[in-house]
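In what follows, a structure is listed as structure tokens, so that the remarks can point back to it.
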Amino acid sequence: MPELPEVETIVRELKRELVGDIIIDVWTDSSKNLQGNFSEFKKEIKNKKIIAVKRRGKNIFLFLEEDKIIWIHLKMTGHLLIGKYKFNKKEWVPVDNDKLLDPNNRYLHWVFLLRSGRALVLSDRRKMAKIVLLSDTSFAQQKSLKKLGIEPLSSGFTPEVLKTILRRSKSEIKRVLMNQEYIAGIGNIYANEILWKAGINPWIPSNKLQESQIIALHRAIKEVLSQAIAHRGTSAKDDNYRDVYGERGKFSSYLKVYQREGEPCPKCGTLIKRKKQAGRSTFYCPRCQK
DNA sequence: AGGGGTACCTGCGGGC
DNA sequence: TGCCCGCAGGTACCCC
């Protein structure tokens, strides 16, 4: 589900809301999300204070005292919500009635009860989200984390650096953008939007991009991602994404091609096309992105 | 290396 | 209405 802008929005709020709070208990009906044993996990994190929250690519890390790190990847449909919840017969429901309408409350699978009386909740319709308990040492040993590419919004991500990345691969440019080992955090929505903005064909080999295209691509990556963060992420047609308060992301109304098959390209009026690429939908303007 | 496919899971919407 | 199909923001893994 969430890509860099959504995860960044979530993490900023988690940081504000959770740092200093203490996990007093944890409940789940879907221990498959967890790598490892649930009772062990519970024992390790119970009564630990949350001291920091960080993001890396699409990964979320809750740093607890005594060298415990909860690593969460939301995958396609994971959501983190904060609020007051109560156990009603056999399911958790929000105490605040306004939140009953949040579709994610139907799929609550993890509840972290907090000393403050609130809960951090993971909703996950497709149960693919991943939770792993790490220590500083095991954190440093995680292969998939070690392999993560550069943060596209960091100051180190310059046009020169992008050029070096692109020259390394003959793969189609959209695949490279979505490959977390090259650049961390871009998924299908933003890859589509970025390539449209830069006027680049999603199928051209990464190492064939012209200098001017690399400059345009670099600018598009920075602009699209930071604008999406400014609008608190994207809740697309299926209304899936919500922030930790259950609010929609407002970048949806700024999407130019994603889920706009058959609609006119905002630049030239040609109808937007959709084609399968690497098992995903690629939306593009056949005229602007030749 | 790089492209294709499937698996993990579940639900929704469209077509017939 | 009911059923089948394709689709979904991600990623790991297998095959050629």
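Sequence lines set the chain letters: A, B, ... in the order given, protein chains first and strands last, and positions in each chain run from 1. Remember, it's a predicted structure, so these values are computed and weren't measured experimentally.
- Taking only side-chain nitrogens and oxygens, A:Lys170 never comes nearer than 4.0 Å to OP1 or OP2 of B:dG2.
- Taking only side-chain atoms of A:Ser171, from C-beta outward, the nucleotide of C:dG10, B:dC9, B:dG3 with the closest atom is B:dG3.
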Toss me the dot-bracket line for DNA chain C: Watson-Crick and G-U wobble, both under 3.5 Å, 5' to 3', using | for pairs to another strand and [ ] for crossers. .|||||||.|||||||

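- Residue A:Ser281 places at least one side-chain N or O under 4.0 Å from the OP1 or OP2 atom of C:dA8.
- Applying the 4.0 Å criterion to OP1 and OP2 of B:dC8, one finds that A:Lys32 has every side-chain N and O outside that range.
- Nucleotide C:dT11 holds its C1' atom 8 Å from the NZ atom of A:Lys130, rounded to whole Å.
- Relative to the side chain of A:Arg125, the nucleotides B:dC12, C:dG10, C:dA12 differ in distance, and B:dC12 lies closest.
- Rounding to whole angstrom units, CD of residue A:Gln277 and P of B:dG3 are separated by 9 Å.
- Residue contacts for A:Lys58: at a heavy-atom cut-off of 4.0 Å it reaches the sugar-phosphate backbone alone, with no base atom in range.
- Proximity of A:Lys127 to the phosphate of B:dG11: no side-chain N or O atom is located under 4.0 Å from OP1 or OP2.
- Between A:Gln180 and C:dG10 there is no side-chain polar atom (N or O) within less than 4.0 angstrom of OP1 or OP2.
- You'll find that the side chain of A:Arg175 is closest to B:dG3, out of B:dG2, B:dG3, C:dG10.
- Atoms CZ (A:Arg126) and C1' (C:dT11) sit 12 Å apart, rounded to a whole Å.
- Atom C1' of nucleotide B:dG11 and atom CG of A:Asp124 are separated by 12 Å, given to the nearest angstrom.
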Show your working on side-chain contact (heavy atoms from CB on, under 4.5 Å) between A:Leu177 and A:Ile221 and close with a plain yes or no. CA-CA 9 Å; A:Leu177 286 186; A:Ile221 291 170; 4.0 Å; yes

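- The phosphate of C:dT11 (OP1 or OP2) has a side-chain N or O of A:His73 nearer than 4.0 angstrom.
- Side-chain contact check for A:Asp243 and A:Thr9: no donor-acceptor pair (N or O, by modelled atom type) lies under 3.5 Å.
- Regarding A:Trp203, its CH2 atom lies at a distance of 11 Å from the P atom of B:dG4, rounded to whole Å.
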Distances under 3.5 Å only, N/O to N/O: pair up the protein atoms with those of nucleotides 13-16 of chain B.
none

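- Linking Ile, Leu, Val, Met, Phe, Trp and Tyr residues whenever their side-chain heavy atoms come within less than 4.5 Å leaves A:Ile10 and A:Phe63 in two separate clusters.
- Among the heavy atoms of the strands lying under 4.0 Å from A:Ser144 are primed sugar atoms or P, OP1, OP2 only; no base atom is included.
- Within 4.0 Å of A:Tyr258, counting heavy atoms only, lie sugar-phosphate atoms of the nucleic acid but no base atom.
- Both tests hold for A:Lys275 against A:Trp203: distance to the six-membered ring centre under 6.0 Å, angle to the ring axis within 45°.
- Side chain of A:Lys75, nearest nucleotide from C:dG10, B:dG11, B:dC9: C:dG10.
- Heavy atoms of A:Arg106 sit under 4.0 angstrom from primed sugar atoms or phosphate atoms, though from no base atom.
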Test log, rule salt bridge (Lys or Arg N to Asp or Glu O under 4.0 Å), inputs A:Asp29 and A:Lys90: CA-CA 10 Å; A:Asp29 68 351; A:Lys90 54 192 187 80; over 6 Å; no

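- Look at A:Arg280 and you won't find any side-chain N or O under 4.0 angstrom from OP1 or OP2 of B:dG5.
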